[in-house]
Student: 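The structure under discussion is supplied below as structure tokens; questions concerning it will follow.
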Amino acid sequence: MTENIHIENSNWRLRKGQIIAAKQMTATEKWFDIKLEDGELDHEPGQFVQVELFGVGEAPISICSSPTKRGSFELTVRAAGRLTKHMQAMGKGDWLGIRGPFGKPFPVKLMTGNDLLFVAGGLGIAPLRSLINYVMDNRREFGKVDILLGCKTPTDMLFGDEIKEWQKRLDVNFSCTVDRTAPDWKGNVGLITSLIPGVTINPEKTFGVVVGPPIMYKFVIAELLKKNLPERQIILSLERHMKCGMGKCGHCQIDHPKNYYCCKDGPTFTYEEVKESKKL
Amino acid sequence: MKTAKNDTKAPAKAPKAAAKPKVAFFDFASCEGCQLQITNFGELLLDVLGAVDVVEFREAISEKWDGDYDVVFIEGSIGDHHAEERLKKIRARAKVLIAYGACACTGGVNGMKNSFELDEIRASVYGKDYKLFDSTATKRVDQVVKVDYYINGCPIYIPELVEVLKCALRGLPYTVPDNPVCAECKLNENVCMYERGLACLGPWTKAGCNSWCVNNGNICYGCRGEVSNPAKNAGDVISKYNLKPELIKAKFDMYNKCKEGVK
Amino acid sequence: MNYHILMKGELDGFVKKLAKKMKVCAPVAKGHNNYAFEEVTSAAEISMDYIPTILPPKKYFMPPREKMLDFDISEGKPKDAANLKAEPLAVFAVHTCDLAGIQCLNMVFSEKPRDYNYLLRKESVFVIGLECNKYCDSNASCALVGNHYPNGGYDIFFTDIGDKWVIHVGTQKGEELVESMGLAKASSADMVALDKVREGKKHAFQNEIGVDPKKLPEIFAKGTESKVWQDVGNRCVSCGNCTNVCPTCYCFDMADTINLDLKTGSRNRTWDSCQFETFAAVAGGENFREERANRQRHRFYRKFKYPIDKFYRSFCTGCGRCTRTCMAKINLKDTLKALAAEHK
């Protein structure tokens, strides 16, 4: 069974990407538009890439742009770890290494023809935006679209300009809430769960797509179940430290009887698939 | 590598020095053994000197520098008011401060002073006129000034110093490993000291030294400090090998007395 | 049926000849009943009667620290390259438990996306197995998982039948080696002796925990909340000894190292352990396996539950290393027995 193994094709090799635009979005979050030297990233909504800063390290980052946008892809990075803090100082013209895309995307095909309810908490809007913009660009393929967005304070809101566009659109229902208000804030104040009772759902033909911090899932899912949304129509994107992206390094394995690796079997799961997990 | 290889003068005066980061070494209450480790760098020293400009280093250079420092290395613990003031002045001139060696990072063996009432220990050292001699309880460097990087160990482990220096030069954080020394010792395939019938502090001590002592036939003395979340029930380890908890505690006190803080 | 023989007195010649062809690594006594695979050039250095080595032979397939990529950022756009020259290597006297361990790792790293570093090293290792005619010690549980007999995974395989070894040839590479060494074919009397050894082992090796291994998946499926995990968690030191010495633990970390020129460097893989506190932590601060009990449970599930679902085999090879090395008396056999007892 001897075969020729060409080490130069190692799966650890990196594609080279150059930052073509960057923008500080909040005090801790920065947005990057990245162009790969060797063509398209060719991802699907909900996937992630491994970003390598040579000599600093690598970290998994959700892709926040829709595949309908060609030529480059976008990341929104919160300064949380070694790599992401270092990225805050990077800008146009800087190079980075990219592996991926990795992971199971949102089930876009299954969602076609159905109503969609998007629930995003905090930085959860970043991976969800790859799907929302995909839906916007293929709006005719889907039914009613509701977007619920929650963040800590009004200044923490990401993609403000784009959100204004969503608010204006007649084919999208958008609501937003903040945990803590600010003087010029005229919107809702309270947890994101408070927005769910106000949404009309047809449980037979609605997919709820929920992305946010681990603490948020339990409460949002409970509200969606109250609305009789079936467990297999609740889609989540889970957070783990995906170090290799190839289902091997072990860091992202979920404590679940099914032995899921978040990087390969996820990060998107139906609630039905992962409800037995120790932690979501 | 651009180094002062053929330069007969002190490395600090090497031709291309101007653009390189200014690095200084200072010592407080210590044996200066960590400085000695640096002079023992061997060939690596030339690589390091290619990357930085050493402006003060008592064991190797006699010149003094009066400007600001990009990086300062502090060796030793702080044991009197004068040292405290001197350290604060250095900190004010330094962009980055690195505590290196057990004395600076955890108090080291000097911390044993804190096992006694201060006046009692001063009297026993200086006699009845002890009040004429300035002396305080032992403090770690971070009990006096802000520390940006730690290089634990007695003495420091040179490969770790080089890693930390590279992080400091690039503005990257360095995380001191927080797993027990066993984690590295096992990879070196050492015969466990407990199997040799010796009590070793490896199971409670922070790794990062590549189990240097055990590789050379010594037990781990705990010089890198205790892991931040040690086993809740160390009694199981101790009982497996018929050892008394007091023995382990006493061994740990040698380097870790400052852990309990300064009254 | 391709069996050869090697007289015991001829081992030194065999090792020396082999060492001329390639580097040879074999179990070497380190004192205090500890052994390690190390490079040897003669039979005198080798312990043919040894208990499992401190680290299993996985270190030759997946070194504790391994360079996966070189990089250079001196000119704006970064450059990277994967380089590996795996030198030919014979690992000699590998017990059947460790052969099983290598087979497990082969499955993991051959699964797509494949790990080229591992596969390249695997191709360069010549594996020589050695049968255990008796238990190494009471910590082993090889009969429970059926690894006390050879199940492939070697190029050639030695069984001690008294004054000589019967050598089974498992691969073409093995055949070529045996031929080049000029080893005699086994006689029918040798084969009878081999059968006798195997027959004797049926009595010498018995299921070590008295629990039907077929029931283990179900016992584990129902055991997620068992107090057994609390018990081992309370004792665990989180030193990672159990995973480092395990022949089938392969979790790893990746990190960058830059040279002092701050321009060139490498990306390196190091063994990691699910027993370490921050193993399942994310940058935002959440730790998905914060408690020692959860981490210990995870280790056992990665031996007895998950791989059975995925690869249809136990990833516990029964070598007993985790029990031998544990600083806190966490005993694999006792843990399994306690878990099974709860299930009744």
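Every chain is numbered from 1, with letters handed out A, B, ... down the list of sequences.
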Student: For C/Tyr306 versus A/Asp255, what's the shortest heavy-atom pair and its separation?
Tutor: OH-CA, 4.3 Å
Student: Taking all atoms of both residues into account, what is the closest heavy-atom pair of A/Ala80 and C/Gly284, and its distance?
Tutor: CB-N, 4.3 Å
Student: Taking all non-hydrogen atoms of both residues, which atom of A/Gly250 and which atom of C/Cys251 are closest, and how far apart?
Tutor: CA-SG, 3.7 Å
Student: Less than 4.5 Å to any heavy atom of chain A: does that hold for the side chain of C/Asn287, its backbone, both, or neither?
Tutor: backbone
Student: Count the heavy-atom pairs under 4.5 Å between each of A/Glu239, A/Arg78, A/Lys258 and chain C, then report the option with the highest count.
Tutor: A/Glu239
Student: If you count heavy-atom pairs under 4.5 Å between each of A/Gly93, A/Gly247, A/Cys249 and chain C, which one has the most?
Tutor: A/Cys249
Student: Rounded to the nearest 0.5 Å, what's the gap from NE2 on A/His241 to OG1 on C/Thr278? Could you check?
Tutor: 10.0 Å
Student: Can you say whether A/Cys252 sits under 4.5 Å from chain C via the side chain, the backbone, both, or neither, judging by heavy atoms?
Tutor: neither
Student: Heavy-atom pairs under 4.5 Å with chain A are the metric here; pick the option from C/Lys310, C/Arg289, C/Lys79, C/Gln172 that has the most.
Tutor: C/Arg289
Student: Would you check if C/Phe252 and A/Lys243 make a side-chain contact, meaning some heavy-atom pair closer than 4.5 Å?
Tutor: no
Student: Give, for atom CE of A/Met246 and atom CZ of C/Arg114, the distance between the pair rounded to the nearest 0.5 Å.
Tutor: 12.5 Å
Student: Side chain, backbone, both or neither: which part of A/Leu238 has an atom under 4.5 Å from a heavy atom of chain C?
Tutor: neither
Student: Find the distance between CG (A/Leu83) and CG (C/Asp256) and round it off to the nearest 0.5 Å.
Tutor: 9.0 Å
Student: Go through C/Arg269, C/Arg297, C/Lys112 and name the one with the most non-hydrogen pairs under 4.5 angstrom from chain A.
Tutor: C/Arg297
Student: May I ask you to say whether A/Lys16 pairs ionically with C/Asp80, meaning some side-chain N is under 4.0 Å from a carboxylate O?
Tutor: yes
Student: I need the C/Phe288 CZ to A/His251 NE2 distance, nearest 0.5 Å.
Tutor: 14.0 Å
Student: Do you know which two heavy atoms are closest between C/Ala82 and A/Arg13, and how far apart they sit?
Tutor: N-CD, 3.8 Å
Student: Given that the side chain runs from C-beta out, which part of C/Tyr301 has a heavy atom under 4.5 Å from chain A: side chain, backbone, both or neither?
Tutor: neither
Student: Is any side-chain heavy atom of A/Ser10 closer than 4.5 Å to one of C/Asn117?
Tutor: yes
Student: What part of C/Ala81 lies closer than 4.5 angstrom to a heavy atom of chain A: side chain, backbone, both or neither?
Tutor: backbone
Student: Are A/Lys248 and C/Asp115 within salt-bridge range, i.e. N to O under 4.0 Å?
Tutor: no
Student: If you count heavy-atom pairs under 4.5 Å with chain C, which of A/Thr84, A/Asn9, A/Asp94 comes out on top?
Tutor: A/Asn9
Student: About how many Å separate CD1 of A/Ile7 and CE of C/Met68, when rounded to the nearest 0.5 Å?
Tutor: 7.0 Å
Student: Would you mind reporting whether A/Gln18 and C/Lys77 have side-chain heavy atoms less than 4.5 Å apart?
Tutor: no
Student: Flag the pair A/Lys278 and C/Glu225 as a salt bridge only when some basic side-chain nitrogen lies within less than 4.0 angstrom of an acidic carboxylate oxygen.
Tutor: yes
Student: I need the residue from C/Thr264, C/Asp272, C/Asp309 with the largest number of non-hydrogen atom pairs under 4.5 Å to chain A.
Tutor: C/Asp272
Student: So which of C/Thr224, C/Asp253, C/Asn83 has the largest heavy-atom pair count under 4.5 angstrom toward chain A?
Tutor: C/Asp253
Student: In terms of heavy-atom pairs under 4.5 Å, which option from A/Met242, A/Glu52, A/Lys264, A/His6 contacts chain C the most?
Tutor: A/Glu52
Student: How long is the gap from OH on C/Tyr116 to CD on A/Glu8, to the nearest 0.5 Å?
Tutor: 9.5 Å
